[in-house]
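Worksheet for the structure shown next.
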Amino acid sequence: MAQQSDLFKNLVAHCKEYGFIFQSSEVYDGLSAVYDYGPYGVELKNNIKDYWWRSMVQLHDNIVGIDAAIFMHPKTWKASGHVDAFNDPLIDNKDSKKRYRADVLIEEQMEKIEAKIEKEVEKARKRFGDSFDEAMFRSTNPRVMEYSAQFEAIRQRLAAAMTKGDLAELRQIIEDLEIADPESGSRNWTEVRQFNLMFSTQLGNIAGEEGKLYLRPETAQGIFVNFLNVQKTTRQKIPFGIAQIGKAFRNEIVARQFIFRMREFEQMEMQFFIRPGEQKKWYEYWKEARMKWHLALGTSSSKLRFHDHDNLAHYADAAVDIQFEFPFGFKELEGIHSRTDFDLGNHQELSGKKIQYFDPELQENYVPFVVETSIGVDRMFLAMMSNALVEEDVPGGEGARAVLKLHPALAPVKCAILPLKRNEERIVNMAQGIFNKLKFSFNVQYDDTGSIGKLYRRQDAIGTPFCVTVDFESLDDNTVTLRERDSLQQERVHIDQLEGIIRERVDMRQLFV
Ligand code: GAP
């Protein structure tokens, strides 16, 4: 556990030191749960978005994209259920005046029980060595069985209370488990009450409730209200999808874990419109397709898993998360939701306008059902960074290095051009010539600000998959050294071949096969 939190601290420090992520308004001591992306961060983020957009929109002739506004008519959020149901259960500690999510306090208590179980298992593993039968131990050891039973009882109570929105029961669970404020240790809690997560603001020309606007808490509604516009203008036939990437805002009570839970973040969402009754088939299809998208990046399958929702959101009849093993445990990275006709049906009712599709094969009108895939760009960024950051020894006694083993297609900089001697004019000129040629094809960097060893370390730290070194031999035969980031292998390459070799190895197309 201690090791994992060190890993996370290193990751956060690395993101700042190398220009990936900064705290927002840092000169004013920052704004909680809001972050800015630095020069390398924005490149990585754009590459993630590009991978998603190309996989969804470019590769599917039945998925089209839009870019809807953040502000929407206030009735949108009434119809979508967000005004009435987009709440988190909030509890205050009367002594510390700190505010918590009641369900998160209970989940943290469950994590402590889980940690006790894992501790028992690890102790036994050490004691029994090779003959250790973990499954048998978990199902027969009295202490583990007792902890597991406690865990399951709390899980069931929490799930039931959340499904029913039973705030008194949540308060009772906190009391029964004797949960104290993690900061002050006080158990002096208020009642639990609902807290709406939407940020609101006011239109300039209308006073009072009528002019109240919300910052969208999900991008999906911009897709739903445009369903007919898009379907008619693109002449798409069901089944078809609409995709969008954009900012979303949530007034999160618990804002921790760096960019995992932010108040301003970005989503990549796709609504797939289908015939009523076909939701099971498409739900399974998109579950599989989205898992494949993650695995194509080389992420180990042991770090990704499906997790069915215990508590369904107000709009869903089935929902599953793709969880990733972040440094602080397995957590939601993406959601796949069967949203039925909830959204389109409610917009139809509240707007009084018909939002239906005429199915030429069935010869009938209906409100389409929807299966949605929804992933946070920032969470995907955090997953990729935590998956990639490695501290390792460099063979040959050259010390340690921090290296970001990002997939080359996602790497912020594809190639660095490094002159071996910065005061040898012919070498510098040749290196700058290569840079000026390659910059039209990829994001490349020229750097002559240190020794070659230092320059390599810097490029490793930002995840650059290739470094090109120009030396005296280059002047004679027009060859350069091409160094690969992960294997550290070096090959001698003619400068005319450089572009083709790098292009092939950083091409996003390799992710699509
Ligand atoms: N339209 C469905 C929807 O918004 P969600 O599960 O609430 O569903 C989808 O959010 C994804 O958005 C999550 O899986 C996560 O990746 C991302 N996300 C949600 N809240 C976030 C937050 N506060 N900070 C960063 N990412 C968030």
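We count ligands from 1, going down the list as the structure has it; atoms in each ligand are counted the same way. None of these values were measured; they are calculated from a predicted model.
Counting protein heavy atoms only, atom 15 (C) of ligand 1 is closest to R379 NH1, 3.5 Å. Protein heavy atom at the shortest distance from atom 26 (N) of ligand 1 is F265 CD1, 3.5 Å. At the shortest separation from atom 6 (O) of ligand 1 among protein heavy atoms lies E332 OE2, 3.0 Å. Closest to atom 9 (C) of ligand 1, if we only count protein heavy atoms, is S374 OG, 2.9 Å.
Proximity to E269 (heavy-atom distance under 4.0 Å) selects the following atoms of ligand 1: 1 (N), 2 (C), 3 (C), 4 (O). Residue E334 approaches ligand 1 through these ligand atoms, each under 4.0 Å from one of its heavy atoms: 14 (O). Listed by atom number, the atoms of ligand 1 under 4.0 Å from F260 heavy atoms are 24 (N), 25 (C), 26 (N). Distances below 4.0 Å separate heavy atoms of E372 from the following atoms of ligand 1: 1 (N), 2 (C). Atoms of ligand 1 lying under 4.0 Å from at least one heavy atom of E218, given by number and element, are 1 (N), 2 (C), 3 (C), 4 (O).
Not a single heavy atom of D378 sits under 4.0 Å from any atom of ligand 1. Ligand 1 is approached by H337 to a heavy-atom distance shorter than 4.0 Å. For the ligand labelled ligand 1, residue R339 lies inside the 4.0 Å heavy-atom shell.
Within 6.0 Å of OH on Y28 lie no more than 12 heavy atoms contributed by other residues, nucleotides or ligands. Within 6.0 Å of atom NZ in K280, 12 or fewer heavy atoms from other residues, nucleotides or ligands are found, so the atom counts as exposed in its surroundings. Counting non-hydrogen atoms of neighbouring residues, nucleotides and ligands closer than 6.0 angstrom, the CD atom of E349 reaches no more than 12 such neighbours. When the shell of 6.0 Å around CD of E288 is examined, it contains 12 or fewer heavy atoms from other residues, nucleotides or ligands.
Contacts with ligand 1 closer than 4.0 Å are made by side-chain heavy atoms of E252 only, the backbone lying farther away. Within the 4.0 Å heavy-atom criterion, neither part of T219 lies near ligand 1. When heavy-atom distances to ligand 1 are checked against a 4.0 Å cut-off, M380 has no atom that comes that close, whether in backbone or side chain.
The side-chain tip of K45 points at the ring of Y37 from less than 6.0 angstrom away and within 45° of straight on. Under the 6.0 Å distance and 45° angle rule, K16 does not count as a cation-pi partner of F22. Taking the ring axis of F260 as reference, the NZ or CZ atom of R379 stays within 45° of it and closer than 6.0 Å to the ring centre.
Nearest-residue assignment for atom 24 (N) of ligand 1 (options M262, R250, Q257; heavy-atom criterion): M262.
The pair R339-E218 meets the salt-bridge criterion, since a charged nitrogen lies less than 4.0 angstrom from a carboxylate oxygen. For the pair E266 and K49, the salt-bridge criterion is met [side-chain N within less than 4.0 Å of a carboxylate O]. The pair D176-R157 meets the salt-bridge criterion, with a side-chain N (NZ, NE, NH1 or NH2) lying under 4.0 Å from an Asp/Glu carboxylate O.
When only interatomic distances are considered, the shortest N/O to N/O separation between A220 and ligand 1 does not fall below 3.5 Å. Of the N or O atoms in G376, one or more lie within a sub-3.5 Å distance of an N or O in ligand 1. Residue contacts with ligand 1: Q267 is placed with a nitrogen or oxygen under 3.5 Å of a nitrogen or oxygen of the ligand (distance criterion only).
Using cut-offs of 30° and 60° on the angle between ring planes, the pair F258 and F8 is perpendicular.
Here the shortest heavy-atom pairing between A220 and E269 reads N-OE1, 2.7 Å.
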